[in-house]
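Structure first, commentary second.
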Amino acid sequence: MKSVLSERKTLHPQDIERRELPSADGQAVRALAREICTTLAAQPGGVGRALTNPALAGHIDRWSTELPGTVREAMRAPATSAGATIVSSLPLSDDELGPTPHSWREAVRWSELDIVMLLLARCAGEPFGWQGQQDGRLVNNILPTPGHEDEQSGASSKALLSPHTEDAFHPQRANLLMLGCLRNPDLVGTTVSSVRRVVLSADEHRLLRTPTLPILPDVSYGTGHERHTAPPLPTIWSETLDGTADLTLRYDPAYTPLDDAGPEFRAAYAHLTAELERVCVTAALHPGELLLVDNDVAVHGRVPFTARYDGTDRWLKRVNIRLPERRRRAAEADENGYGQRIVAPFAGGARPAESARADAVAGAGWDRDDRGSVEHS
């Protein structure tokens, strides 16, 4: 059973929280990024190796504190039940981008904008990456790729990307997801649905809170996860048994074996899917805008579009962010994460319990194949 947001349904628009980055602040971020570029260019390997330079994290850590406090305020986690915020407007010129690449591998050449994204993400929390995704880079490129048009991945275009929790399979998934728009000529919409806006019955709450099915790694992580035990997970949970104010979720129907569950659970899951569709909002990002998605509260996807492959296609930058002050269910500490490891150069300030959890989860990685060239985002 595969559940995706219906393409034929009319989306019901609701307001998404919006924040404006003052012009002077946006210029300050760009100026700091250029200064970091200049510093790294003088080191061995020059600019071409800057994103893999171990000194980069230190520069981001130190210089992000030089940014105005209003930048940190703009980059805080979403404050409304929608679980999403649009931050605008970062100064950006289309001329500085060059043509939209055809794959993330072509997009990994050095860019000052990657430093911009890391500075902003560091103002929000602790940026991190995945060893098994885009070669462990902290800033990922999301763009349409020839041959992947119909997949459930961020490299697709014709297919409606199913709403999902980013990296729902893993206990160390991001608390906050940052999507930065570089180019979006057709105003392709990113969909966002908050679990705190859905309406579920008491029985549906009970069924969805019960660990029933695993969530498997998506296609971007390759193969080999089959040798890891797949524990059943709750779909939703909260500190209170009957409230929705603090409701959170792990949801990825495209990678959840729903046919293995009983009819009652499938019905409850289907109703949750329908509710997420009912409360769906669509953010059509403009260049220089950032979308912050609370990955514990909201699922996100993308509407279909026709890729041009002429250098003008939609191009986003993505950063996973951990919020050290936010705790998750204690039971997640026992999950093995299918052996998938994170790359976390900013985790020095992590709580001891979280660091221990990271060490426990960071088991051996699995084999990867060429499917690692796509992203489920």
Side-chain angles (χ1 to χ4, degrees), residues 15-42 47 50-51 53 55-80 82-98 110-127 138-142 174-185 187 190 192 283-294 314-325 345-346 349:
D15 289 339
I16 295 181
E17 180 189 14
R18 289 181 176 269
R19 302 171 187 161
E20 185 75 25
L21 194 66
S23 176
D25 292 356
Q27 295 293 348
V29 175
R30 293 300 309 259
L32 264 184
R34 283 192 294 272
E35 190 169 347
I36 293 174
C37 287
T38 300
T39 301
L40 293 177
V47 171
L51 286 180
N53 191 324
L56 174 61
H59 288 301
I60 297 294
D61 241 352
R62 181 171 65 257
W63 290 9
S64 62
T65 63
E66 300 295 321
L67 291 170
T70 46
V71 177
R72 227 170 302 280
E73 177 69 12
M75 295 303 298
R76 72 189 188 281
T80 71
T85 300
I86 294 175
V87 180
S88 58
S89 300
L90 190 70
L92 179 67
S93 168
D94 192 72
D95 294 339
E96 69 182 292
L97 301 180
W110 169 254
S111 170
E112 178 188 309
L113 291 171
D114 292 302
I115 300 299
V116 170
M117 295 298 154
L118 286 177
L119 284 168
L120 292 170
R122 188 65 179 117
C123 287
E126 297 175 355
L138 302 181
V139 180
N140 293 165
N141 289 279
I142 308 300
N175 301 113
L176 189 64
L177 189 69
M178 185 178 86
L179 297 173
C181 179
L182 304 189
R183 182 176 282 146
N184 193 13
L187 294 181
T190 300
V192 181
L285 297 177
H286 293 79
E289 288 187 329
L290 307 170
L291 178 64
L292 302 177
V293 179
D294 190 324
R314 175 181 184 259
W315 185 0
L316 304 183
K317 296 278 187 180
R318 183 193 65 194
V319 185
N320 293 293
I321 303 170
R322 176 180 172 271
L323 303 178
E325 71 279 4
F346 299 100

| task | Could you check if a side-chain atom of Leu292 sits within less than 4.5 angstrom of a side-chain atom of Arg19, using non-hydrogen atoms only? | result | yes

| field | Non-hydrogen side-chain atoms of Leu291 and Leu316 separated by less than 4.5 Å | value | no

| Hey, is Arg76 close enough to Glu17 for a salt bridge, meaning N to O under 4.0 Å? | yes

| Gap separating the CG atom of Leu113 from the CG atom of Leu182, nearest 0.5 angstrom | 6.0 Å

| query | Can any side-chain N or O of Arg72 pair as donor or acceptor with the backbone N or O of Met75 at less than 3.5 Å? | reply | no

| Does any non-hydrogen side-chain atom of Glu20 lie less than 4.5 Å from one of Ser89? | yes

| N/O donor-acceptor pair under 3.5 Å between Asn184 side chain and Leu285 backbone | yes

| At their closest point, which heavy atom of Asn320 faces which heavy atom of Ala174, and how far apart are they? | OD1-CB, 3.6 Å

| query | Picking from Leu40, Leu32, Leu119, what satisfies side chain to side chain contact (heavy atoms under 4.5 Å, CB included) with His59? | reply | Leu40

| task | Say whether, by atom type as modelled, one donor and one acceptor occur between the side chain of Asp114 and the main chain of Val139 under 3.5 angstrom. | result | no

| Which distance, rounded to the nearest 0.5 Å, do you find between the CD of Glu289 and the CG of Leu179? | 12.0 Å

| task | Look at the side chain of Glu66 and the backbone N and O of Trp63, then say whether any donor-acceptor pair between them is shorter than 3.5 Å. | result | no

| Would a 4.5 Å heavy-atom cut-off, applied to side chains only, mark Leu67 and Cys123 as touching? | yes

| query | Are any of the side-chain heavy atoms of Leu290 and Met117 separated by less than 4.5 Å? | reply | yes

| Is it true that a side-chain atom of Arg30 and a backbone atom of Pro91 form a donor plus acceptor pair closer than 3.5 Å? | yes

| said: Any heavy-atom pair between the side chains of Ile36 and Thr39 that's under 4.5 Å? | reply: no

| request: Could you give me the CA-CA distance, side-chain angles and deciding distance for Val319 and Leu138, then say whether side chain to side chain contact (heavy atoms under 4.5 Å, CB included) is met? | output: CA-CA 6 Å; Val319 185; Leu138 302 181; 5.6 Å; no

| Ile115/Leu56 under side chain to side chain contact (heavy atoms under 4.5 Å, CB included): CA gap, chis, key distance, verdict | CA-CA 9 Å; Ile115 300 299; Leu56 174 61; 3.3 Å; yes

